[in-house]
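All values reported here derive from a predicted model rather than from experimental measurement. Order of the sequence lines sets the chain letters (A, B, ...), proteins ahead of strands, with each chain counted from 1.
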Amino acid sequence: MALDSQSVSLTFPDGNARSFDAGVTPAQVAADISTSLAKKAISATVDGQHWDLQWPINADAQIAIHTMKDEVQANELIRHDLAHIMARAVQEIWPDTKVTIGPVIENGWYYDFDRAEPFTPEDLGLIEKKMKEIINKRDAVTTEVWDRQRAIDFYTANDEPYKVELIDAIPGDEPLRMYWHGDWQDLCRGPHLQHTGQVPGDAFKLMSIAGAYWRGDSSRQMLQRIYGVAFTGKEKLKAHLHMLEEAAKRDHRKLGREMNLFHMQEEAPGQVFWHPNGWTVYTELQDYMRRKQRAAGYKEVNTPQVVDRKLWEASGHWDKYQEHMFIVEVDEEHAREKSINALKPMNCPCHVQVFNQGLKSYRELPLRMAEFGSCSRYEPSGALHGIMRVRGFTQDDGHIFCTEDQIEAECAAFLDYLSSVYKDLGFEKFEIMFATRPEKRVGSEESWDHVESALEKAIKATGHSYTLDPGEGAFYGPKLDFKLTDAIGREWQCGTFQVDPNLPERLGATYIGEDGAKHRPYMLHRACLGSFERFIGILIENHAGKLPFWLAPRQVVVASITSDADDYVNEVVETLKAAGVRAEADIRNEKINYKVREHSVGKVPVILAVGHREVEERTVTVRRLGEKQTQVQSLEAVTNELSQAATPPDLL
RNA sequence: GCUGCUGUAGCUCAGAGGUAGAGCACUCCCUUGGUAAGGGAGAGGUCGAGAGUUCGAUUCUCUCCAGCAGCACCA
């Protein structure tokens with residue numbers, strides 16, 4: 001606090017402090033430093049808070065003045081103001097449109113509108129044009145703090161019902177800031193640029209139109225959302241658009257077709273028809289996982305697909321997830337009613353059944369049970385996405401039955417297991433989220449307190465850093481979620497580690513303790529890949545189809561240059577196959593250019609070309625995917641090298 | 001599930017109220033070649049399904065199915 005209430009002391013990033021009159025604005029501070037800074041200033045950070053140039057500062061504070069060179073703040077202001085400019089453009093073109101909210105998001109912003117007519121892709125061009133006009137007007141931005149009733153009356157009079165509802169939702173002690181540029185008005189807490197002309201008119205683009213529920217609530221009005229992206233300069237916009245093109249090239253649905261991995265069709269929406277190439281990847285990955293989990297002390301089991309509703313009622317899933325289960329009704333002879341079964345949407349209740357067979361001793365704990373569990377879930381049609389979100393999938397599922405004391409060691413062991421798998425599969429980096437009790441949950445508060453702290457203690461003991469994710473736990477218990485980062489920076493949640501005190505209780509799992517009495521085990525649900533389908537999708541996109549050699553479905557094509565080489569080509573293929581390499585011959589009557597192109601497009605990692613020279617010298621010419629350079633090697637050397645490359649990382 | 005868009009040859013896409021098109025892929029022929037498409041010929045379609053309007057619908061309208069984008073959902 002300043003001693004004199006008339007002045008405040010502002011400390012700059014270099015550590016120097018200066019005194020100003022209380023109520024000084026960052027604009028004035030910047031002007032006081034230099035006229036050039038006054039011109040370039042766009043906002044400030046005051047005690048860690050992003051601050052509008054026109055907002056008064058009434059207490060001592062740390063201050064930093066921002067210019068367009070401060071990427072983070074500049075992007076925030078540009079995207080934010082573009083949201084307002086877009087909303088104005090839309091209301092100028094279609095005055096009946098009601099405005100709602102328009103926040104800044106990664107790379108841009110969106111704004112939700114209520115308008116009877118749907119927007120069309122052509123409308124985006126119109127809106128962009130209008131936005132550029134608004135930017136060129138260089139309308140000054142002004143804001144005022146209003147009291148609640150005045151703002152509510154204002155929006156009621158202007159027939160903007162969504163704004164009235166927004167105000168009602170803002171906590172009573174927060175000031176309401178009204179925003180204008182030109183005659184156009186919005187409700188917004190800011191901060192903002194000083195006039196619309198500060199927005200770079202050539203560095204934004206409207207991307208798409210989509211529906212979105214008012215306030216994210218599926219029981220409420222569907223609005224129309226327009227997405228835009230914006231940056232501080234047009235080169236950055238270009239780079240972003242280029243990145244999107246690159247991402248589209250990696251789309252697993254496209255690559256899956258081009259590499260002949262799988263297909264999907266109308267008769268089985270959300271389910272995968274694996275082709276030989278794709279199934280090779282799948283089984284190679286599954287064989288790897290089977291070896292890894294065996295080494296980590298898991299016992300593999302396999303449980304039924306079709307299970308009577310009685311078990312799902314007992315587990316609680318019937319109540320909670322009936323809508324999302326595939327139901328199988330069977331007319332049984334002599335039975336009074338049809339038997340009603342569900343395809344298993346998960347493996348845990350079945351695993352408890354395996355656990356429950358025979359009496360278990362504390363000596364058997366921790367009991368690690370694993371299954372490549374084939375599950376079916378009737379996912380909402382709109383959720384389906386290639387092989388990433390499907391209705392039929394296989395989890396690398398596992399359940400650890402253990403005592404509370406064992407949670408910590410199991411957590412540590414799982415983390416080791418998971419890191420080594422991710423590393424082998426080409427993902428060096430992953431993030432850990434600690435998700436705590438959600439709103440809808442079962443179990444007492446005391447039990448949640450207890451289990452959450454046990455899990456937090458376990459993750460802390462491993463020394464890994466983690467991020468708290470409040471309210472995102474499973475309905476039965478807290479969990480750790482593992483998010484890996486792919487080659488183009490996208491995050492994918494794959495692994496999970498969940499503590500469940502609930503299901504053993506519901507399904508009556510017990511073990512005999514040291515004391516001779518029955519005790520309730522904890523159940524840890526855990527998965528590393530999540531599902532094979534989704535993980536393979538991620539692998540394809542991460543590697544842009546160029547899978548690591550050991551996972552590549554077609555590893556080597558031996559291509560003849562002249563048909564005189566055919567016999568030798570076949571010999572090379574047989575030699576490679578005997579050495580454990582997936583090799584095939586291409587002795588078609590085509591030119592080598594044609595063969596090279598076709599197999600490059602098909603993402604075959606190694607092409608061995610064979611002509612007269614190679615036949616005579618018993619060599620091959622090696623061409624690796626993505627490299628123009630070729631290399632002549634003896635058949636023996638190549639066989640050794642490729643045989644090594646074809647060996648899964650855990651067997652090296 | 002909701003909003004919007006889309007559905008034509010194996011793939012990518014053009015087309016129009018009146019006998020359905022291209023490129024690539026496929027089959028055959030010629031070509032035997034040196035690292036990302038050699039030449040020629042041929043075959044290939046219930047225009048997603050059903051109903052309606054019309055003399056006539058693949059085209060217009062409606063319903064359904066599937067896909068795409070986003071939202072909601074994700075045990």
Value rounded to 0.5 Å, distance of CE in A:Met243 from CD in A:Glu246: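 Interatomic distance, A:Met243 CE to A:Glu246 CD, rounded to 0.5 Å: 10.0 Å.
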
With distance as the sole criterion, do the side chain of [X] and the base of [N] form a donor-acceptor contact below 3.5 Å?
{"X": "A:Arg377", "N": "B:C74", "result": "no"}
{"X": "A:Thr630", "N": "B:G34", "result": "no"}
{"X": "A:Tyr378", "N": "B:G1", "result": "no"}
{"X": "A:Arg534", "N": "B:C74", "result": "no"}

Hey, does the side chain of A:Gln224 reach the backbone of A:Glu117 with a donor-acceptor pair shorter than 3.5 angstrom?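 Pair found, side chain donor or acceptor close to backbone of A:Glu117.
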
With no hydrogens and no angle check, is any side-chain donor or acceptor of A:Asn356 less than 3.5 Å from a backbone partner on A:Leu507? yes

When the [atom1] atoms of [N] and [M] are considered, how many whole Å apart are they?
{"N": "B:A37", "M": "B:C26", "atom1": "P", "value": "16 Å"}
{"N": "B:G44", "M": "B:C2", "atom1": "C1'", "value": "40 Å"}
{"N": "B:G10", "M": "B:G45", "atom1": "C1'", "value": "12 Å"}
{"N": "B:U3", "M": "B:A75", "atom1": "P", "value": "25 Å"}
{"N": "B:G7", "M": "B:U61", "atom1": "P", "value": "13 Å"}
{"N": "B:A43", "M": "B:A57", "atom1": "C1'", "value": "28 Å"}
{"N": "B:U58", "M": "B:U46", "atom1": "P", "value": "13 Å"}

Base-pairing assignment for [N] (Watson-Crick or G-U wobble, both under 3.5 Å):
{"N": "B:A66", "answer": "B:U6"}
{"N": "B:G23", "answer": "B:C11"}
{"N": "B:C71", "answer": "B:G1"}
{"N": "B:U35", "answer": "none"}
{"N": "B:C28", "answer": "B:G40"}

Please determine, by modelled atom types, if A:His263 and A:Gln265 share a side-chain donor-acceptor pair under 3.5 angstrom. yes

With nearest nucleotide decided by heavy atoms, which residue, A:Leu223 or A:Gly270, maps closer to the 5′ end of RNA chain B?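 Checking each residue's closest nucleotide, the 5'-ward one belongs to A:Leu223.
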
First encountered from the 5' end of RNA chain B, between A:Glu627 and A:Glu266: A:Glu627

Within the structure shown, what part of the strands sits under 4.0 Å from [X] by heavy-atom distance: base, sugar-phosphate, or nothing?
{"X": "A:Arg623", "result": "base"}
{"X": "A:Arg253", "result": "sugar-phosphate"}
{"X": "A:Tyr476", "result": "sugar-phosphate"}
{"X": "A:His324", "result": "base"}
{"X": "A:Ser219", "result": "nothing"}
{"X": "A:Gly216", "result": "sugar-phosphate"}

Look at A:Arg588 and B:A37 and indicate whether a side-chain polar atom (N or O) is within less than 4.0 Å of OP1 or OP2.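 Negative; the distance criterion is not met.
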
Reckon A:Arg624 has a side-chain N or O less than 4.0 Å from the OP1 or OP2 of B:U35?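 No, no such contact exists.
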
What pair of heavy atoms forms the shortest contact from A:Ala83 to A:Gly102, and how long is it?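 In this case the closest contact between A:Ala83 and A:Gly102 is CB-O, 3.5 Å.
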
Of the listed nucleotides [options], the one nearest the side chain of [X]:
{"X": "A:Ser563", "options": "B:U32, B:C73, B:U35", "answer": "B:U32"}
{"X": "A:His385", "options": "B:A75, B:A69, B:C73", "answer": "B:A69"}
{"X": "A:Ala212", "options": "B:C71, B:G7, B:A75", "answer": "B:C71"}
{"X": "A:Tyr594", "options": "B:C26, B:C74, B:G67", "answer": "B:C26"}
{"X": "A:His317", "options": "B:A75, B:C74, B:U35", "answer": "B:A75"}
{"X": "A:Ile592", "options": "B:G67, B:G4, B:U35", "answer": "B:U35"}
{"X": "A:Pro118", "options": "B:G4, B:C2, B:A75", "answer": "B:G4"}
{"X": "A:Met222", "options": "B:C71, B:A36, B:A75", "answer": "B:C71"}
{"X": "A:Arg597", "options": "B:A75, B:A69, B:A36", "answer": "B:A36"}
{"X": "A:Lys591", "options": "B:C73, B:A66, B:G38", "answer": "B:G38"}

I'd like to know whether the aromatic ring centres of A:Phe401 and A:His351 sit less than 6.0 Å apart in this structure. no

Taking the six-membered ring for Trp, are the ring centroids of A:Phe372 and A:Phe532 within less than 6.0 Å of each other?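 Yes.
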
Any stacking of A:Tyr321 on B:A75, going by centres under 5.5 angstrom and planes within less than 30 degrees? yes

May I ask you to say whether A:Asp251 pairs ionically with A:Arg253, meaning some side-chain N is under 4.0 Å from a carboxylate O?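 Salt bridge present between A:Asp251 and A:Arg253.
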
